2 protein chains.
Amino acid sequence: MKNEIDDLDRALLKALGEDARKSWRELAEQLGVSAPTIRDRVGRLQDIGVLRGFVTELDPVALGYTLEAIVRFKAFPGKLQKLEQQIREADRIVQCDKITGEDAFVARLLLRSIAELDPLLEGFTDKASTNTAIVKASPVRMRQPPL
Amino acid sequence: MKNEIDDLDRALLKALGEDARKSWRELAEQLGVSAPTIRDRVGRLQDIGVLRGFVTELDPVALGYTLEAIVRFKAFPGKLQKLEQQIREADRIVQCDKITGEDAFVARLLLRSIAELDPLLEGFTDKASTNTAIVKASPVRMRQPPL
DNA sequence: AATGAAAGTGTTTATCC
DNA sequence: GGATAAACACTTTCATT
């Protein structure tokens with residue numbers, strides 16, 4: 001079981017990255033192989049862990065989240081575990097990484113309006129200090145790693 | 001053309017968020033409606049802009065990117081446009097936001113090893129100063145906004 | 001808006017190269 | 001590892017409620 005991917009795999013991942021619901025048949029035609037081959041390749045890419053799955057891309061603005069904020073959390077002594085748990089459970093936080101340096105976490109927070117920011121952050125005041133920046137634009141929206 | 005979504009839409013988006021390739025028929029059965037209804041709903045969600053599309057979720061580690069970094073860029077005077085363009089073109093940068101405050105951009109950078117960090121950042125030294133943190137864990141991997 | 005049924009496609013399996 | 005072809009399953013259209 002080799003964990004290497006070839007040019008066909010790369011072309012397939014690129015095509016699926018553009019439309020993850022494209023039919024095997026259509027992908028087969030586009031890439032010049034048969035449908036069963038496409039199906040085999042996708043299965044193998046999932047087996048070796050390269051392809052985690054197929055997901056939706058939603059528009060936060062269309063859902064009423066007109067503002068996005070990047071919040072850095074600096075945990076108070078002994079509060080790291082509780083802070084992480086609260087971040088996991090906050091559904092307005094749609095992404096969060098634990099990082100090196102004095103800031104324990106960086107999170108992406110969705111807001112319906114600027115008025116929501118303070119109340120949301122106040123829920124964390126017993127566990128961390130925060131530093132917030134508002135997202136003005138997203139020149140690179142989440143994209144595939146180079147294959 | 002109403003831009004509101006109902007409980008069925010929410011259940012549908014949630015199900016597609018778990019497996020964006022599930023067949024209309026299977027979704028129909030799961031949600032207790034007919035396949036044509038599912039298809040109509042998905043089309044409408046795309047039309048009103050809530051559902052941008054269907055994409056793949058890849059594992060950077062399985063692709064050899066064993067390190068992830070969060071880089072903050074502070075643009076030098078007059079270099080903002082060039083900096084943004086270079087960020088867009090850097091395929092190791094898989095996500096980037098333009099934010100308020102003294103840091104012009106925050107970016108997510110993929111690395112094959114720590115040795116790659118310095119050479120990659122040096123390409124930006126004429127346009128910005130940088131501040132880098134290494135990702136130690138990702139407690140919240142990109143998830144759907146609350147519906 | 002949603003359904004059920006039929007016609008049209010796509011998927012899957014088995015066999016072969 | 002990939003192709004072809006037949007059996008099977010899904011998708012789509014349309015008439016109906």
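Not measured: the values here are computed from a predicted model. Just so we're on the same page: letters track the sequence lines, and every chain starts at 1.
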Task: Separation of atom CZ in R44(A) from atom P in dG1(D), rounded to whole Å - done: 7 Å

Task: Nearest-angstrom distance from the residue atom CD1 of I38(B) to P of dC10(D) - done: 14 Å

- [ ] Rounded off to whole Å, could you give me the CG-to-P distance for the L8(B) and dA1(C) pair?
- [x] 12 Å

- [ ] Take the C1' atoms of the five end pairs on each side of the helix from dA1(C)-dT17(D) to dC17(C)-dG1(D), get both axes, and report the angle to 10 degrees.
- [x] 30°

TODO: Check DNA chain D against residues 49-59 of chain A and give the residues with a non-hydrogen atom under 4.0 Å, in numerical order.
DONE: none

Task: Main-chain N/O of L58(A) paired with T56(A) side-chain donor or acceptor, under 3.5 Å - done: no

TODO: Scan T37(A) against the nucleic acid and name what it touches under 4.0 Å (heavy atoms): base, sugar-phosphate only, or nothing.
DONE: sugar-phosphate

Task: Residues D97(A), K136(B): salt bridge by 4.0 Å N-O rule - done: no

- [ ] Kindly write out the residues that satisfy ring pair (Phe, Tyr, Trp, His ring centres under 6.0 Å) with F105(A), not counting sequence neighbours, or none if the list is empty.
- [x] none

Open item on the list: Any side-chain to backbone donor/acceptor pair from Q85(B) onto Q81(B)? Under 3.5 Å, distance only.
Closed with: no

Task: N/O (side chain, R39(A)) to phosphate O (OP1/OP2, dT12(C)) under 4.0 Å - done: yes

Open item on the list: Rounded to whole Å, please give me the gap between CG in D40(A) and P in dT13(C).
Closed with: 10 Å

Task: Polar side-chain atom of R21(B) near backbone of G53(A) as donor-acceptor pair, under 3.5 Å - done: no

Task: Any side-chain donor near an acceptor of the partner, E26(A) and Q30(A), under 3.5 Å - done: no

Open item on the list: Between the side chains of D6(B) and R41(B), is the shortest nitrogen-to-carboxylate-oxygen separation below 4.0 Å, so that they form an ion pair?
Closed with: yes

- [ ] Could you tell me the separation between the CG atom of D6(A) and the C1' atom of dG1(D), rounded to a whole number of Å?
- [x] 10 Å

- [ ] Just do the side-chain contact (heavy atoms from CB on, under 4.5 Å) check on L67(B) and Y65(B) with the steps written out, would you?
- [x] CA-CA 6 Å; L67(B) 275 182; Y65(B) 302 103; over 6 Å; no

Open item on the list: Quick check against the 3.5 Å criterion: does R143(A) have a side-chain atom that pairs as donor or acceptor with the backbone of V94(B)?
Closed with: no

Open item on the list: Below 4.0 angstrom, which residues in residues 14-33 of chain A have at least one non-hydrogen atom near DNA chain C?
Closed with: S23(A), W24(A), R25(A)

- [ ] Would you mind listing every ring pair (Phe, Tyr, Trp, His ring centres under 6.0 Å) that reaches into residues 7-49 of chain B, with sequence neighbours excluded?
- [x] none

Without placing hydrogens or testing angles, list every side-chain donor-acceptor pair under 3.5 Å for residues 117-130 of chain B, not counting sequence neighbours.
from: T125(B); atom 1: OG1; to: E122(B); atom 2: O; distance (Å): 2.8
from: K127(B); atom 1: NZ; to: Q86(B); atom 2: OE1; distance (Å): 2.6

Task: R41(B) side-chain proximity, nearest of dA3(D), dT12(D), dA1(C) - done: dA1(C)

Open item on the list: Expressed as a whole number of angstroms, how long is the span from D7(A):CG to dG1(D):P?
Closed with: 16 Å

